[in-house]
Amino acid sequence: MPRQLRLPLTTPPAWDRESFAASPTSGQALAALDGWPGWPEGRLALVGPAGTGKTHLARDWARRCGAVVIAAASPKSTGGHAPLDLAALRGRPLLVEDVDRRADGDLVDDETLFHLINMAGVDGGSLLLTGRLAPVAWEAGVPDLRSRLNALSVARIEEPDDLVLAAVLRRGFEAAGIRPAADLYPYLMARLPRSAPAALAAVAALDEAASDQGREVNKALALAVLDFGDVPGDED
């Protein structure tokens, strides 16, 4: 894994479909999102591992349909968060992110989540929930909530394939203002885990090393900076 996990962000993220690296790993999710507003009972759960693009696609959906975005795991006491005004949210498209990372005292507790799910599909309302795990694995201390979660329609994004990983690396280098050697992409893709966070961390480590050492971003720098474990040929 890369030694340095910092990635300097020079521009705000663009949550639009055009900048999303689509591949077969996200095909089901894209089709499901495009099925709005025809989701069963107005509800959909979008799930997948960290760094696979859930936030990107969910925020693009929210932007296109004018949804209210709610961070489920935000503590009520942080930033002056007050309990959600459920009456004001009725009939509106809602995006509730990171539902499976909630804890006691967070903005969306079990009772609130139960009501949000029940409100979906009423008066034109709809609800998109995101999480790393499938809803059947989400914590639920209320029996009625458990049954609602188990019944949700689910769209999944899988781990990145080569197409997605290459796009993540390319955009990471572009954001850092780096033009790497052409043969660096296949070199990195043959060694990095199939993980967007790992790819971005590699870009960050190479960016910092190149700046500190005044070196070009190429295979030699990658070999010196990144720890790939025992990969045949890396000793050359």
Side-chain angles (χ1 to χ4, degrees), residues 15-17 20-74 84 86 89-103 106-161 163-165 167-168 194-197:
W15 307 123
D16 58 72
R17 183 68 65 87
F20 181 77
S23 86
T25 64
S26 57
Q28 182 200 23
L30 290 169
L33 290 168
D34 288 343
W36 178 83
W39 299 340
E41 299 184 299
R43 311 163 184 163
L44 180 69
L46 177 63
V47 304
T52 51
K54 295 186 302 297
T55 296
H56 191 135
L57 290 182
R59 293 295 183 92
D60 171 66
W61 173 84
R63 177 186 59 81
R64 288 186 288 113
C65 68
V68 177
V69 179
I70 302 167
S74 297
L84 294 175
L86 296 176
L89 297 175
R90 185 182 179 90
R92 301 191 61 181
L94 306 176
L95 165 59
V96 183
E97 297 184 301
D98 299 323
V99 180
D100 57 345
R101 301 175 68 185
R102 299 175 303 127
D106 282 347
L107 185 61
V108 179
D109 56 22
D110 279 2
E111 182 179 355
T112 300
L113 182 58
F114 176 75
H115 288 301
L116 289 173
I117 293 175
N118 282 345
M119 284 165 47
V122 177
D123 296 334
S126 51
L127 178 65
L128 177 62
L129 306 168
T130 70
R132 297 181 182 182
L133 304 174
V136 294
W138 296 354
E139 293 287 341
V142 178
D144 286 343
L145 174 59
R146 176 76 278 150
S147 64
R148 298 294 193 282
L149 294 177
N150 292 349
L152 286 172
S153 298
V154 179
R156 180 174 178 82
I157 305 178
E158 304 295 341
E159 291 281 6
D161 56 14
L163 179 65
V164 173
L165 195 64
V168 170
R194 287 302 178 264
S195 159

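Bear in mind the structure is a predicted one, so any value in this text is a computation, not a measurement.
With sequence neighbours excluded, no residue satisfies ring-ring contact (aromatic ring centres under 6.0 Å, His included) with F114. Scanning for side-chain contact (heavy atoms from CB on, under 4.5 Å) contacts around E111 gives D109, H115, with sequence neighbours left out. By the side-chain contact (heavy atoms from CB on, under 4.5 Å) test, R146 is found to be paired with A140, L149, N150, residues two or more places apart in sequence or in another chain being considered. Qualifying side-chain contact (heavy atoms from CB on, under 4.5 Å) partners for A22, counting only residues two or more places apart in sequence or in other chains: F20, S26, L30. The side chain to side chain donor-acceptor pair (under 3.5 Å) check on T25 picks up S23, with sequence neighbours excluded.
For the atom pair K54 NZ and R132 CZ, the distance stands at 6.0 Å (nearest 0.5 Å). Remark: D60 CG to L33 CG distance equals 8.0 Å, nearest 0.5 Å. The CG atom of L95 lies 6.0 Å from the OG1 atom of T130; values are rounded to the nearest 0.5 Å.
Side-chain atoms of D100 do not come within 3.5 Å of backbone N or O of G131 as any donor-acceptor pair. Counting only distance, with no hydrogens or angles, the side chain of R102 and the backbone of W138 share no donor-acceptor pair below 3.5 Å.
The shortest distance between side-chain heavy atoms of D161 and P24 falls below 4.5 Å.
Using a cut-off of 4.0 Å between Lys/Arg side-chain N and Asp/Glu carboxylate O, E97 and R59 are scored as salt-bridged.
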Residues 120-128, side-chain donor-acceptor partners within the protein, below 3.5 Å, at least two apart:
residue: D123; atom: OD2; partner: R90; partner atom: NE; Å: 2.9
residue: S126; atom: OG; partner: W36; partner atom: NE1; Å: 2.9

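A side chain to side chain contact (heavy atoms under 4.5 Å, CB included) with I70 holds for exactly one of L129, V108, V99; it is V108.
E158 CD: more than 12 foreign heavy atoms inside a 6.0 Å radius.
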